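Below is one structure, written out as structure tokens; the observations come after it.
The figures here come from the full heavy-atom set of this structure, side chains too, leaving out hydrogens, waters and symmetry mates. Since we're looking at a predicted model, the values are computed, not measured. The chains referred to below are lettered A, B, ... by the order of the sequence lines, with proteins before strands, and numbering in each begins at 1.
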Amino acid sequence: MKFYITTPIYYVNDEPHLGHAYTTIAADVLSRYHRLKNDDVFFLAGTDEHGLKIEQKAQEEEKNPQKFCDEKATKFKVLWNNLNITNNTFIRTTDLKHKSAVQKILQILFDKKLIYKGEYEGLYCVGCEEYKTKTQLIAGKCPLHKKMPELVKEDCYFFQLSNFQKKIIEKIQKNEFKIEPIERKNEALGFLKKEKLEDLSISRKKVKWGIPLPFDKSYTIYVWVEAFFSYLTGIDWQGDCKKIPNFWPPDLQLMAKDILRVHTTIWPALLLALDILLPNKLFVHGFFTINGQKMSKTLGNVILPYDLINKFGVDATRYLLLAQFPFGQDGDISMERLEEKYNSDLVNGLGNLVARVLTLAERNFTYFSNGNDIEIKKTWKEYKKTMKNIQLFETLKIVWNLISFCDKYMEKEKPWEIKDNPERLNKILSNLLERIYNLAIMILPFMPETSEKIFTQLGIKFEGFKKNEQIEFIPHQNLVQGFKIKKGENLFPRKHKNKKTLKQKNTKIILDFKF
RNA sequence: AGCGGGGUAGAGCAGUGGCAGCUCGUUGGGCUCAUAAUCCAAAGGUCGCAGGUUCGAAUCCUGCCCCCGCAACCA
């Protein structure tokens, strides 16, 4: 089975922030899980680099836009690398292959008469050098320049977005174009049914930093129209509608809720216009607040990805972000709570369990499997179900239930008290080690380095599941070599609280999640 | 009345008509294999506010308040 998953292509007007990291980590977890299942996975990440905002930002920093984009895109790449993200490609909308495919597409749409010349009328703020929507204005004035924008008309090209409204609604209702969670589907259907989609102006005369329109080079292409195609050019599509790459369509496109609208209007309309299959599923997740406040640079309460990586390490960062609140909802985080969770789940939970079992097992023990551990089987069953439903928070809960079960089991059996019944001791430790072995596989998509460390300490190699092998407890095959225990360093070093630092961190802040 | 989501213990959340729950934190006790870890127990809540329906409401209805996202040609 193929599994093609995408993150949004992030807009490079700013440094990568926690929201970008969150989506990308989730995508990586799902990618790694599908690889574990032996699916043929393609994981796309990338950056969106054209448009007025970039042009202006580059100008502020006195750089040419390409250099500016190169630097920012590198920051994203480096962060993904540091977070152990296993994306198969990193597509940039300034890549040559993207630009040339996009130009072909626009020509096709033009030849199909789905693009026509017209006149765009909008409220233009001279100070901002851009059109404003009514909702961006405060009392009719630009909030930045305190001036009334002028009503300006401009020749431009339109895409017949309105033609596709009905078809999009139909595809969503028939679940041929799935949107999850259900609230987001309702939201999309809400605005699609209620508001009329106007034709979309796709050309920009004033924006220089963009891909030229193939049939009229005095314009560049509006970013949203071209950027979406990176989901296709990233898998090496050349712009030929008859030659669609095998990985198409995406099985899953992850994104935050702010870009739901464009992904359920412009994006499917463009694909329908070209007779290309729609993505199978969009999954929309929520936003963070920090101590109940929006993150914002102005308020200075931003938690940066590197703050977490430096403090907790890569694996713990991946875990902590996903273990905070259900994937798909909004949630609140704080440094204080992250620290608590780090200590309770990782240090006291997983780390401590591995340490206490291995200490006993390292002394004196011979492995034999009873081959049928109900707890492990039950956990795998729920694990697979929640993973399938993209309930990553629930998956982690289920895995941690098994950890808790092991702690209680030890308390009940008290293996450290057994002095003259080696058979019983071996059985108890074997049960525990099999559970830890399975735990290590379960956490592999979430915390690949920790997983590897556990295998090393168990003296066992995990080489993945074989093709078509059921993912579940199979001790005889996989553990035939037995355990060669060598307890190592603790998996997670304890964090000791520093109340003063925490208090400083908790000062109100806000963060901006625009992509 | 623009659309969607949310407001439940100190914190984060679950609970859609039948004794108000989970995790963390806090407090007390047990244990000693383990990173002051772990196990058992306890304390802690006018379920946003105000009305209504019902034998019975966190849950259903009405009104209101607060928070988040969207309200496209910014991305």
Exercise for review: Strictly below 4.0 Å, heavy-atom distances to any atom of RNA chain B: list the hits from residues 155-165 of chain A, or just say none.
Suggested key: A:Leu161
Practice item. Scan A:Leu432, A:Ile485, A:Leu458 and name whichever one has a side chain to side chain contact (heavy atoms under 4.5 Å, CB included) with A:Val357. Key: A:Leu432
Point to revise | Sugar-phosphate only, base, or nothing, as touched by A:Leu491 at under 4.0 Å among non-hydrogen atoms | key: base
Exercise for review: Remember a base hit wins even if backbone is also touched, and classify A:Ser344 as base, sugar-phosphate or nothing at under 4.0 Å, heavy atoms.
Suggested key: sugar-phosphate
Review point. So what does A:Lys196 touch, heavy atoms closer than 4.0 Å: a base, only the sugar-phosphate, or nothing?
Key: base
Review point. Are side-chain heavy atoms of A:Glu339 and A:Lys311 found at a separation under 4.5 Å?
Key: yes
Exercise for review: Would you indicate what A:Arg494 reaches in the nucleic acid, counting non-hydrogen atoms under 4.0 angstrom: base, sugar-phosphate, or nothing?
Suggested key: base
Point to revise | Pairwise side-chain contact, A:Glu154 with A:Lys206, heavy-atom cut-off 4.5 Å (strictly under) | key: yes
Point to revise | salt bridge (Lys or Arg N to Asp or Glu O under 4.0 Å) partners for A:Arg494, two or more places apart | key: none
Point to revise | Quiz item: A:Lys53 side-chain donor-acceptor pair to B:C74 base, under 3.5 Å | key: yes
Review point. Run the ring pair (Phe, Tyr, Trp, His ring centres under 6.0 Å) check on A:Phe288 and A:Phe325 step by step: do they pass?
Key: CA-CA 10 Å; A:Phe288 296 109; A:Phe325 54 86; 5.5 Å; yes
**Study point:** hbond_proxy A:Glu187 side chain to B:G69 base (donor-acceptor, 3.5 Å cutoff)
**Key:** yes
Check your understanding: Heavy atoms under 4.0 Å, any strand shown: does A:Val223 hit a base, just sugar-phosphate, or nothing?
Key -> sugar-phosphate
Practice item. Could you tell me whether A:Gly331 contacts a base, only the sugar-phosphate backbone, or nothing, with contacts defined as non-hydrogen atoms closer than 4.0 Å? Key: sugar-phosphate
**Study point:** Side-chain donor-acceptor pair present, A:Thr24, A:Tyr10, cut-off under 3.5 Å
**Key:** yes
Practice item. May I ask you to verify if any side-chain N or O of A:Asn348 is less than 4.0 angstrom from the OP1 or OP2 atom of B:U38? Key: yes
